[in-house]
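Whatever order the structure lists ligands and atoms in, that order sets their numbers, starting from 1.
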Amino acid sequence: MGLEEHEMGGETASQIETKPVYRTEAPCAVEIPGPCGLVIFGASGDLTKRKILPALYRLQKNRYLPERFFILGTGRMEMSTDDFRGKMLSAVKEAFPKDFDPSSWNELVNRMEYCVIDYDVQETYAQSLREKLLQLEKKHRTGGNRIVYLAIPPTLYESVISNLGTTGLSREEGGYTHVVIEKPFGRDLDSAGRLNRIVRNSFDEKQVYRIDHFLALETVQNILMLRFANSVFEPLWNRGYIDHIQITASETLGVEQRAGYYEEAGVIRDMFQNHMFQLLALTAMEPPVSFGAEPVRDEKVKVFNSIQPFPLDRLSDYVAIGQYGKGRIDQNPVPGYREEKGVSEKSVTPTFAAMKVLIDNWRWNGVPFYLRSGKRLSNRRTEISIHFKPVPHLMFSNTLNELIEPNRLVLRVHPDEGMSLILQTKNPGSEVCLNPISMDFCYSKDVLMDAYEWVLLNCMHDDQLLFVREDGVEKTWSLLTPVIERLESTTAMDQFPNYAAGSSGPEEADLLIQRDGRAWRPL
Ligand code: BG6
């Protein structure tokens with residue numbers, strides 16, 4: 001059954017229940033933010049080209065950007081404003097090869113400038129950057145509202161943030177100053193704590209926007225709407241009715257050009273400390289008092305505080321890791337992780353992990369959350385599946401040989417963004433024959449805004465809801481740092497590779513869930 005969104009017009013509620021119809025309305029209006037300037041550190045880098053500029057272009061095309069707005073790119077690379085504009089044009093054309101709109105681009109490009117900076121030299125902040133910024137603020141009348149986006153390698157965060165502080169560029173002078181910090185935020189509890197202290201020396205927490213781009217995905221934002229704008233789910237959303245929850249983020253891609261970073265990170269730092277734990281928090285949290293950044297982030301932190309620390313002496317009961325060997329993706333042969341460019345042939349970096357997470361609170365006691373994420377798996381899929389308990393009494397047991405499959409709610413983050421509810425129905429014809437059906441909702445693709453568009457808009461709107469707070473980041477590191485350290489000190493070279501590229505992951509992950517009498521959803 002493929003239901004689009006329901007329409008209320010002209011029908012009674014009872015008609016709607018029995019006969020769903022479809023809505024093709026535009027999405028709710030997006031509020032256009034007030035004037036501001038965006039300073040991008042790392043303007044010649046990959047992130048600016050792949051994500052930030054395409055998002056800005058789309059915002060411009062949809063007329064979501066303020067009229068009084070400018071982009072000041074900055075970086076170590078010597079280049080003129082014209083060169084910068086040319087590079088960004090190629091990047092945007094590459095991102096939208098089919099529907100590039102020159103007039104939208106022209107409106108944006110005239111508001112883009114570039115200035116060179118040496119990240120380590122304070123004078124370049126105090127002079128060239130500051131002067132250029134003031135000049136652009138005057139020209140575009142942005143009232144001193146500034147967003148400083150750090151699209152730079154994390155090794156530069158500390159010096160750039162400190163230099164912004166010492167040269168006064170972090171101060172709010174008339175308007176707001178927001179700083180956007182990309183993940184990874186630290187590589188363990190100590191480094192995240194140190195980075196937070198450095199940030200705090202220069203910025204107030206309300207100026208800080210730590211990105212987790214998963215939080216800005218439409219389908220992830222929808223989790224809170226689904227849970228708290230409907231009364232049908234909340235009464236069932238607990239240990240009384242839910243058997244377990246699975247959260248999956250599987251990718252077909254390998255390590256790509258990022259071996260340098262990934263060798264040092266591995267899947268737990270790369271995906272679990274941030275994306276996976278954020279999905280878990282949104283699924284598990286209590287209803288916040290209101291839909292605001294602080295109440296929502298308070299509830300997420302409460303979830304992290306209730307997670308049972310992983311027992312290091314029995315870690316293999318809770319965590320399974322893997323690394324891909326060679327295999328096939330879409331019929332094509334692909335190399336193993338150790339054969340990838342820039343990866344050590346003796347690498348013990350995990351590219352896959354599965355975890356059982358237990359939450360010690362009234363709602364979730366005894367309900368395991370199984371998380372898994374990995375590279376070079378058979379399919380690209382990000383989803384949360386809620387597995388309900390079986391019915392308490394099987395009154396059909398005399399006539400049905402098989403067990404009835406319990407209900408399942410699947411929230412699809414990617415692909416086919418939407419959700420499905422798996423229900424049992426009577427199969428027409430035979431007297432007692434149950435048929436599991438899937439009630440589906442799919443977002444239509446063209447209404448979905450990209451995560452980076454949301455990130456930029458919310459940052460302009462002064463809204464930190466989709467961003468991670470300092471206590472949240474430290475709490476997740478405090479749960480995972482001991483696990484990472486233990487795994488790093490005990491993983492032997494001959495343990496890997498333990499899954500083939502294109503498979504559904506290592507056997508250890510299957511065992512982890514099978515020991516509890518459960519199974520992963522097929523990828
Ligand atoms: C990033 C990770 O944060 O998320 C990558 O560093 C991963 O390794 C990516 O591939 C997945 O996000 P998306 O949006 O591409 O599914």
When you measure from atom 6 (O) of ligand 1 to every protein heavy atom, which one gives the shortest distance, and what is it?
-> Asp270 OD1, 2.6 Å
Donor-acceptor under 3.5 Å (Ser202 side chain, Val199 main chain) = no
Can a donor-acceptor pair be found between the side chains of Trp454 and Glu218 at a distance below 3.5 Å?
-> yes
Could you pull out every donor-acceptor pair under 3.5 Å between side chains of residues 323-334 and any protein atom, sequence neighbours left out?
from	atom 1	to	atom 2	distance (Å)
Gln323	OE1	Arg338	NE	3.2
Gln323	NE2	Ser347	O	3.1
Gln323	NE2	Thr349	O	3.0
Tyr324	OH	Val255	N	3.2
Tyr324	OH	Glu340	OE2	2.6
Arg328	NH1	Gln331	O	2.3
Asn332	ND2	Asp330	O	3.4

Show me the side-chain donor-acceptor pairs of residues 179-195 shorter than 3.5 Å, one per line, residues at least two apart or across chains.
from	atom 1	to	atom 2	distance (Å)
Glu182	OE1	Tyr452	OH	3.4
Glu182	OE2	Tyr149	OH	2.7
Glu182	OE2	Tyr452	OH	3.1
Lys183	NZ	Asp270	O	3.1
Lys183	NZ	Asp270	OD1	3.1
Arg187	NH2	Glu264	O	2.6
Asp188	OD1	Asp190	N	3.4
Asp188	OD1	Ser191	N	2.8
Asp188	OD1	Ser191	OG	2.7
Ser191	OG	Arg187	N	2.8
Ser191	OG	Asp188	N	3.1
Ser191	OG	Asp188	O	3.2
Arg194	NE	Glu158	OE2	3.1
Arg194	NH2	Glu158	OE2	3.4

Give the atoms of ligand 1, by number and element, whose distance to some non-hydrogen atom of [X] is under 4.0 Å.
X: Lys183; answer: 1 (C), 2 (C), 3 (O), 6 (O)
X: Phe214; answer: 12 (O)
X: Lys375; answer: 5 (C), 7 (C), 8 (O), 10 (O)

Taking the minimum heavy-atom distance to atom 12 (O) of ligand 1, which of His275, Glu182, His213, Arg258 ranks first?
-> His213
Should one rank Arg380, Met271, Glu251 by closest heavy-atom distance to atom 15 (O) of ligand 1, which comes out on top?
-> Arg380
Aromatic ring pairing Phe369/Trp364, orientation class (parallel under 30°, perpendicular over 60°, tilted between) | perpendicular
